[in-house]
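When a ligand or atom number is given, it counts from 1 through the structure's own listing order.
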Amino acid sequence: MSDLTYNVIVGLEIHVQLNTRTKMFCGCALSFGEEANSRVCPVCLGLPGALPVMNRQAVEHAMLAAMALNCRVAEFTKWDRKSYYYPDLPKNYQISQYDLPLGSNGAIEIPLEDGKTKNIRIRRVHLEEDAGKNLHTAGSFSQVDLNRAGTPLMEIVTEPDLNSPEQVRALAVELQRIVRYLGISEADMQKGHMRFEPNVNLVIDKAGQQFKTPIAEVKNLNSFRALERSVAYEIRRQLDDFLETGRTMQMGNKSTRGWNDVEEVTVLQREKEEAHDPDLVPVVATSQWLDKIRSRLCELPVQRQVRYVQAYGLSDYDAGVLTTDRSTADFFEQAVRAGGDPKRVCNLLTQVGLKLANDRGRDLPSLGLEPNAVAILAGMIDQGAIGASAGNTILQAMVETGKTPDVLAQERNLLQKSDAGELEGIVDQVLAENAAAVADVTAGGKKSQKARGFLLGQVMQKTKGQANPKVVTEILNRRLG
Ligand SMILES: [Zn+2]
């Protein structure tokens, strides 16, 4: 064992359901949870004579994604029929794109755990349509719901540049952020809007000789957790298989596996037979059309995250939290533009705002907070009018009552005493009452810091926590030297 090392090689295929109003080639509305087979028509049922008409919005969404992923966007693409005979596919073919995808040769950066980033190449971005759903709910037969048949799916395929389960997950999370930022998919995992298929194998170095294990493709994973765990499982399984059988990659011996979420293992699957039959109207993208789509590109989450660290001095972690979704990042920036100190605003939003939003199952902007009011609150903390923890209390009260921060600070008696004259009297009183602590301070040494803290605490107690600790510390320093 000691002379064996290995590298993990993973390429990822990601299916993203686009949030168009209608299906890919017909006018049926997209649905979730509607009555079975209530969103179907001759086109998506594949009845004879039905003519598919391309959904322009779906093409534009996919092109926008291709641009965001730094792909070359094709000026000419076409559709291909992927033929297979399967109960959830009444047409006996799925419309997809083979040799001329919408986007190719792209790349994105993913964040790594050590704070660095890694470049992952994107092989292609293409469009296809989803199949229906087989239901196994009753008896010894299956039923088919074709509401999903024809739903526009964007498929993103990476090069095999991912080298650990964590990197695979990071890429998936990053893609979710990107499609949400672009507004082209809700990317809601629970509704199956994103599905993952990792291709995993190992390059093993044993006693100076190199071996490649056969590639396994794990189908249809619909959570980040299942994705990460299935890749980790495949690594162990392939290593064990190699040690036991010495099996290595031969031409075309790629296998397809499914994920059992309960037992957390992958199991071998039979593949669908397919054949090609291209004869659909191609897509010709003029440069004007592409420019129009390109104008919809926005600053992407990773770029924003880096900007927050560089321009505002936020930690990489905080910047990541704020940029998780676009609406939170927009809100943060509005508050900063309204004059709020970025760090203060960040603390208010990450410590209180996002928690409240999360508890209520909403996003930050729909809590009813005004960015301007958050900026004012941040300013009150900066000026010492209130303490930082009072700021958090007030932000929560703003959400609950809709009142302004200054009114709430008054009402709830949270304004700090910063008047030096008044505070000096209290400090003197505390010094007179605590001669022992004062002696400790003047004696210097280890006890001195502790005694200072104690005296500050006494002043805070006397003022019921309303003294501005900064002002009190200044007075103490003046009095005690
Ligand atoms: Zn239809």
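Residue Glu75 places its CD atom among 12 or fewer non-hydrogen atoms of other residues, nucleotides or ligands, all under 6.0 Å distant. Counting heavy atoms of neighbouring residues, nucleotides and ligands inside a 6.0 Å radius, atom NZ of Lys118 exceeds 12 of them.
Sorted by first and then second residue, the ring pair (Phe, Tyr, Trp, His ring centres under 6.0 Å) pairs with a member in residues 141-168 form an empty list; sequence neighbours excluded.
Between Arg121 and Asp161 there is a salt bridge, since at least one side-chain N of the basic residue sits less than 4.0 Å from a carboxylate O of the acidic one.
Excluding waters, the set of protein N, O or S atoms lying under 2.8 Å from the Zn ion (ligand 1) comprises Cys26 SG, Cys28 SG, Cys41 SG, Cys44 SG.
Looking at heavy atoms from C-beta onward, Phe332 lies out of side-chain contact with Arg304 at the 4.5 angstrom threshold.
In this structure, Arg229 fails the cation-pi test against Trp259, since its NZ or CZ atom is not both closer than 6.0 Å to the six-membered ring centre and inside 45 degrees of the ring normal.
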